[in-house]
Every structure is written in C-alpha cells, then in structure tokens.
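Let me begin by presenting the structure, written as structure tokens, before commenting on it.
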Amino acid sequence: QVQLVESGGGLVQPGGSLRLSCAASGSIFSINTMGWYRQAPGKQRELAATITSGGSTNYADSVKGRFTISRDNAKNTVYLQMNSLKPEDTAVYYCNYVVGVLTTLRYVEVWGQGTLVTVSS
C-alpha cells in the first residue's frame with residue numbers, strides 16, 4: 001500500500017509565498033509523474049503543475065511564472081513553491097503520484113488527502 005502525506009498549507013496574505021510538500025511511503029519501486037492539483041470552493045479539481053520522472057514540467061496557465069514544482073527522488077517527495085499568491089489561488093491542494101507498487105509490479109495513481117491554502121488579507 002502507498003500513502004501520500006502533504007504538508008505546508010495555511011493562511012497567507014496576497015503577494016506572499018508558501019511551499020507545499022508531499023512525501024510518499026509504502027511498497028514503491030518507481031515513481032513516474034508527480035503532480036499538484038487544486039480544488040477551489042464550488043469548482044472542479046484542476047491541474048496546477050506536474051513533473052515527470054525525467055524532470056519535465058507542465059503548469060496551468062494561471063500559475064505559470066509564480067509556481068515552481070520540483071521533486072526529490074531520493075525522498076519520494078514533490079514540492080510546490082508558490083509565490084506571488086493571489087486570493088484566487090485559495091483552494092485545497094492535492095498531490096498525485098503515478099507509482100509502481102512492489103507487491104503488484106503495476107503502476108497505480110495515488111492521491112494525497114489535501115492541504116488547504118487560503119490567500120486572504
């Protein structure tokens with residue numbers, strides 16, 4: 001079984017910064033794509049950023065130039081550095097991994113529990 005544990009959410013003023021972390025644990029032999037998604041109140045979950053095992057990144061237009069995704073493969077951890085935060089960035093942020101599971105030798109998609117980011121003065 002694979003679990004993702006997120007941290008780093010909270011309340012921040014507009015223009016401020018936050019860094020989210022998501023660490024995986026369990027029977028893992030490989031991690032393919034890692035990503036961050038977000039869901040604002042009353043809206044559908046949407047992509048924020050992804051990073052492949054090779055380090056290629058993809059960002060939603062709404063966060064380009066402000067958010068940076070990175071990964072530490074040795075720690076099975078993905079980060080999301082969020083700068084110049086805006087009230088419209090307020091959402092629950094979820095990490096998402098495509099993980100190779102040792103017990104089945106198959107890749108599965110796993111979600112974190114979510115961490116709330118509130119941008120408000």
Side-chain angles (χ1 to χ4, degrees):
Q1 187 174 358
V2 177
Q3 291 184 327
L4 304 183
V5 178
E6 301 162 356
S7 60
L11 173 64
V12 63
Q13 291 186 341
S17 298
L18 279 177
R19 189 192 195 207
L20 305 182
S21 300
C22 175
S25 62
S27 301
I28 299 169
F29 72 84
S30 175
I31 300 177
N32 195 343
T33 301
M34 297 174 169
W36 289 95
Y37 291 72
R38 65 185 185 179
Q39 187 167 16
K43 295 187 177 182
Q44 289 188 332
R45 192 174 298 187
E46 64 178 11
L47 169 74
T50 60
I51 184 167
T52 68
S53 57
S56 296
T57 57
N58 180 51
Y59 296 93
D61 287 343
S62 57
V63 308
K64 279 182 183 176
R66 300 186 298 120
F67 291 10
T68 302
I69 189 171
S70 60
R71 60 192 284 168
D72 184 334
N73 293 324
K75 296 181 179 179
N76 290 341
T77 298
V78 65
Y79 305 96
L80 186 67
Q81 178 67 44
M82 305 185 293
N83 299 327
S84 302
L85 282 161
K86 304 175 182 180
E88 51 263 43
D89 294 317
T90 295
V92 178
Y93 285 72
Y94 298 90
C95 58
N96 172 275
Y97 283 24
V98 176
V99 180
V101 181
L102 268 172
T103 53
T104 62
L105 297 181
R106 293 183 176 182
Y107 282 89
V108 298
E109 187 176 34
V110 184
W111 290 89
Q113 80 283 0
T115 185
L116 177 63
V117 172
T118 303
V119 184
S120 176
S121 54

Exercise for the section: Give every residue pair that meets the ring-ring contact (aromatic ring centres under 6.0 Å, His included) criterion with at least one member in residues 14-33, sequence neighbours excluded. Expected result: Phe29-Tyr107

Fill in the blank from the handout: When every non-hydrogen atom of Cys22 is compared with those of Tyr97, the smallest separation belongs to O-OH, 2.7 Å

Completion exercise
dist Asn73:CG -> Met34:CE (nearest 0.5 Å) comes out at 5.5 Å

Practice task
Any pair with a residue in residues 41-70 that passes ring-ring contact (aromatic ring centres under 6.0 Å, His included), sequence neighbours left out, goes on the list, sorted by first then second residue, please.
Solution key: none

Exercise for the section: Report yes or no: do Tyr79 and Val63 belong to one cluster of Ile/Leu/Val/Met/Phe/Trp/Tyr joined by side chain heavy-atom distances under 4.5 Å? Expected result: no

Practice task
Using atom types as modelled and distance alone, determine if a side-chain donor or acceptor of Arg71 lies under 3.5 Å from a backbone N or O of Thr52.
Solution key: yes

Practice task
Please name all residues satisfying ring-ring contact (aromatic ring centres under 6.0 Å, His included) with Tyr94, sequence neighbours left out, ordered by chain then number.
Solution key: none

Practice task
Keeping the roles fixed (side chain from Thr57, backbone from Ile51), state whether a donor-acceptor pair exists under 3.5 Å.
Solution key: no

Completion exercise
Partner of Asn76 under side-chain contact (heavy atoms from CB on, under 4.5 Å), picked from Ile28, Val2, Leu4, is Ile28

Exercise for the section: Could you pull out the closest heavy-atom pair between Cys95 and Val78, with the gap in Å? Expected result: CB-CG1, 4.5 Å

Problem - Minimum heavy-atom distance between Gln44 and Gln39, given as atom pair plus value - result: C-CG, 4.0 Å

Problem - ILVMFWY cluster, Val108 and Ile31 together (side-chain gap under 4.5 Å) - result: yes

Handout entry: Verify same cluster id: Val12, Trp36 (apolar side-chain graph, 4.5 Å)
Key = yes

Problem - Nearest heavy-atom neighbours spanning Thr50 and Tyr37 - result: CG2-OH, 4.4 Å

Practice task
Determine which pairs satisfy salt bridge (Lys or Arg N to Asp or Glu O under 4.0 Å) with at least one residue from residues 87-105, sequence neighbours left out, and list them in order.
Solution key: Arg38-Asp89, Arg66-Asp89

Exercise for the section: Group every Ile, Leu, Val, Met, Phe, Trp and Tyr by side-chain heavy-atom contacts under 4.5 Å, then state whether Val92 and Val119 land in the same group. Expected result: no

Problem - Minimum side-chain heavy-atom gap Met82-Leu20 below 4.5 Å - result: yes

Exercise for the section: Return each pair, listed once, that meets side-chain hydrogen bond (donor to acceptor under 3.5 Å, both in side chains) where at least one residue sits in residues 109-121; pairs must be two or more places apart or across chains. Expected result: Asn96-Glu109

Handout entry: Nearest non-hydrogen partners of Leu85 and Leu18, listed with the distance
Key = CD1-N, 3.9 Å

Fill in the blank from the handout: d(Thr90 OG1, Leu116 CG) to nearest 0.5 Å is 7.5 Å

Practice task
Determine which pairs satisfy side-chain hydrogen bond (donor to acceptor under 3.5 Å, both in side chains) with at least one residue from residues 10-28, sequence neighbours left out, and list them in order.
Solution key: Ser17-Asn83

